[in-house]
Amino acid sequence: MKKILFITHTISSGGGAEKVLNTLIDELSSDYQIDVLEWLEDVVCPFWEREKNVRHIGSIAYSDRKAAQLGKSIRINKIKHVFLALINIFFPRFLYKRHIDKQYDYEISFNYLYTSALVAHSPNKISKKIMWIHGAIDDLNSTCNLFDIKYRLYKWLQHNSFLKGNAVIAISKKTHESIVMFEPKIENRIVDIYNGYNFNEIIQKSQTEYINKGKKFRLISLGRLSSVKNVRLQLEAMKLLKVNNIEVELFVLGEGEQEQEIKKYADCNPNVKLIGFKNNPYPYLASSDALIITSFSEGFPTIAVEAMALGMPVISTPVAGTEELITDDTGYIVEWDAESVAEGIKKVMITSYDSNVIKQHVSRYTKEKWAENIKSLFNKLDNE
């Protein structure tokens with residue numbers, strides 16, 4: 001049985017990429033021996049080892065929440081992060097050997113930067129090395145100040161990593177384009193493979209709990225409450241709608257560094273409800289009328305596919321994946337300003353969507369088809 005090593009930024013913090021990786025592991029575990037190494041171990045959704053063929057071989061660093069849970073100093077934990085990042089940039093092979101002592105047939109970086117560097121500098125000369133990029137890397141394509149040393153180190157790190165990889169997986173058109181812009185030399189190594197999803201599980205979990213639905217049009221927002229998710233823009237749009245006497249409610253599910261700011265706003269606006277993190281958000285999805293995404297960046301938004309699998313339209317900023325997912329029949333694309341978001345919400349409120357059309361639009365993204373595409377890539381690399 002061939003062996004796969006996944007090195008991922010995290011698989012334990014409850015995000016979309018983590019959910020996607022768990023689904024993939026389940027699909028591949030009957031045919032491959034799989035080991036998982038985390039760069040950052042968290043506490044939200046601890047990794048579970050399957051009955052066979054799957055191991056969690058550890059983590060390189062802890063999130064502050066995990067450090068606190070273990071009784072460690074948060075301050076020292078932050079210092080360790082900086083120290084480990086520097087080692088990873090300048091001595092990635094040392095860090096690799098410290099945490100990995102087996103050989104694999106396929107080594108996969110399930111992210112970029114730190115995880116890519118570890119895979120690229122694997123001492124295993126016969127393994128096939130794959131860089132799996134989960135979003136447009138526009139942050140590496142932007143211009144920077146001449147003296148921004150951190151940014152220049154990141155660009156150097158990723159350039160070297162891409163050049164050492166046997167294949168680079170892009171999960172959307174925008175992701176593909178951003179990789180080519182960053183490193184044109186590897187264009188012939190880029191493979192477009194869209195994520196796959198367990199639609200039966202989504203539907204089943206959505207029916208495990210009943211969430212009351214009132215008369216107001218309900219928007220739902222799910223994800224980490226961070227600056228990149230840009231939930232603040234949703235609050236600004238809600239304020240505009242309230243001024244114009246348009247009755248809409250917004251359920252916000254998630255936690256993060258902007259949680260207190262959003263809670264403060266929600267306390268002043270009864271139409272905004274901060275629900276917190278939910279291991280099973282699907283009953284809340286099922287009780288809503290539309291999903292709203294206002295992120296600055298996404299890979300291929302998992303939550304959008306999940307909402308559409310339940311027949312729900314999606315309002316989103318033009319992040320990676322929206323080109324494939326959102327049409328006139330499935331939702332509405334808005335710009336990164338409150339007026340555009342408010343107009344998009346009003347547009348979706350008065351549009352009659354066919355839930356079956358929305359479900360059909362994402363039905364091709366099955367976990368089975370996804371796993372077959374990955375296996376085909378492995379076979380191709382083996383024959384090169």
Query raised in the report: Below 4.0 angstrom, N of the basic side chain to O of the carboxylate: do K369 and E372 qualify?
Result: no
Report task. Quick one: pull up CD in E261 and CG in L235 and give me the separation to the nearest 0.5 Å. Result -> 7.5 Å
Query raised in the report: Do F182 and H159 have ring centroids that are under 6.0 Å from one another?
Result: yes
**Report entry** Worked verdict on H134 versus F110 for ring-ring contact (aromatic ring centres under 6.0 Å, His included)
**Finding:** CA-CA 8 Å; H134 288 273; F110 209 70; 4.0 Å; yes
Report task. Tell me yes or no: between the side chains of Y194 and E324, is some donor less than 3.5 Å from an acceptor? Result -> yes
Query raised in the report: Would I100 and Y104 satisfy side chain to side chain contact (heavy atoms under 4.5 Å, CB included), going step by step from the backbone distance to the final call?
Result: CA-CA 10 Å; I100 302 162; Y104 299 89; 3.8 Å; yes
Report task. Give the C-alpha distance, both sets of side-chain angles, the deciding distance and a yes or no for side chain to side chain contact (heavy atoms under 4.5 Å, CB included) between I171 and I193. Result -> CA-CA 5 Å; I171 66 167; I193 299 180; over 6 Å; no
Query - Of T330, I358, V305, V314, the residue whose pairing with L325 passes side chain to side chain contact (heavy atoms under 4.5 Å, CB included) - result: V305
Report task. Going by the salt bridge (Lys or Arg N to Asp or Glu O under 4.0 Å) test, name the single residue among K273, K216, K215 that passes it with E249. Result -> K273
Query raised in the report: Does one side chain, of E38 or S59, offer a donor that lies under 3.5 Å from an acceptor on the other?
Result: no
Requested in this report: May I ask you to decide whether D289 forms a salt bridge with K213, counting only side-chain N to carboxylate O separations under 4.0 Å?
Outcome: yes
Query - All pairs passing ring-ring contact (aromatic ring centres under 6.0 Å, His included) where residues 53-72 contributes a residue, at least two apart - result: F47-H56
Query raised in the report: Is the shortest distance from a Lys or Arg side-chain nitrogen in K78 or D64 to a carboxylate oxygen in the other one below 4.0 Å?
Result: yes
Query raised in the report: For R224, which of Q258, E255, E257 qualifies under side-chain hydrogen bond (donor to acceptor under 3.5 Å, both in side chains)?
Result: E257
Requested in this report: Could you give me the CA-CA distance, side-chain angles and deciding distance for F300 and Y365, then say whether ring-ring contact (aromatic ring centres under 6.0 Å, His included) is met?
Outcome: CA-CA 11 Å; F300 193 84; Y365 301 118; 5.4 Å; yes
